[in-house]
Amino acid sequence: MTHLRGAKYQDIMLLKDEEVNTFDSVIINLFSSDIHSIYQAALENKTNIIQQPTVQPWNAKELSLEDPDGYVFTITESLDANKDFATVIDNVKGQL
């Protein structure tokens with residue numbers, strides 16, 4: 001994996017895989033401050049939910065949805081906006 005970072009929350013993560021298809025070749029990650037409302041709207045609209053809102057070790061709650069063309073959108077909500085990057089990385093290393 002290559003992690004490219006412009007500024008805080010401007011990240012591109014590139015992963016190498018032997019086989020590529022629409023489902024795993026492009027994942028669009030969007031930031032939200034109200035992931036619960038997006039989740040409720042997805043349920044009401046019978047959207048294909050790949051992953052329900054889940055707390056991740058990288059200081060985020062994430063929700064993954066699939067659009068009708070098979071593209072995956074991951075919606076991310078920060079758990080603690082005051083945590084610095086180094087603290088978050090130390091936490092991830094401890095849990096993975």
Side-chain angles (χ1 to χ4, degrees):
M1 179 182 92
T2 300
H3 182 187
L4 307 173
R5 172 165 272 211
K8 189 174 183 180
Y9 304 121
Q10 292 180 338
D11 300 293
I12 297 175
M13 292 181 209
L14 305 173
L15 306 168
K16 183 179 180 183
D17 198 348
E18 297 301 320
E19 294 182 32
V20 176
N21 61 48
T22 302
F23 177 78
D24 63 12
S25 64
V26 177
I27 299 173
I28 299 167
N29 194 293
L30 305 169
F31 183 78
S32 172
S33 58
D34 188 8
I35 202 168
H36 180 73
S37 293
I38 295 169
Y39 178 60
Q40 290 303 316
L43 289 172
E44 291 168 11
N45 289 286
K46 298 184 171 102
T47 302
N48 186 14
I49 298 170
I50 307 272
Q51 175 185 282
Q52 297 179 2
T54 304
V55 173
Q56 303 292 357
W58 44 87
N59 190 39
K61 184 183 292 184
E62 293 184 340
L63 163 67
S64 294
L65 310 169
E66 183 181 18
D67 83 354
D69 293 322
Y71 291 99
V72 176
F73 290 80
T74 297
I75 316 300
T76 301
E77 181 177 334
S78 180
L79 296 176
D80 182 352
N82 295 316
K83 277 190 180 177
D84 62 80
F85 187 71
T87 302
V88 172
I89 293 301
D90 285 344
N91 189 45
V92 170
K93 287 179 184 176
Q95 293 190 32
L96 297 179

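Quantities reported herein were computed from a predicted structural model and do not represent experimental measurements. Each residue takes its place number in the sequence, starting with 1.
Residues passing the side-chain contact (heavy atoms from CB on, under 4.5 Å) test with Ile49, sequence neighbours excluded: Tyr39, Ala42, Leu43, Gln52, Leu63, Leu65. The side-chain hydrogen bond (donor to acceptor under 3.5 Å, both in side chains) test applied to Thr47 returns no partner, not counting sequence neighbours. Evaluation of the side-chain contact (heavy atoms from CB on, under 4.5 Å) rule for Thr54 yields Gln51, Gln56 as partners, not counting sequence neighbours.
In this structure, Ile75 is a member of the same hydrophobic cluster as Tyr71, with clusters built from ILVMFWY side-chain heavy atoms closer than 4.5 Å.
Taken to the nearest 0.5 Å, the NZ atom of Lys61 stands 7.0 Å off from the CD1 atom of Ile35. Remark: Leu30 CG to Glu62 CD distance equals 11.5 Å, nearest 0.5 Å.
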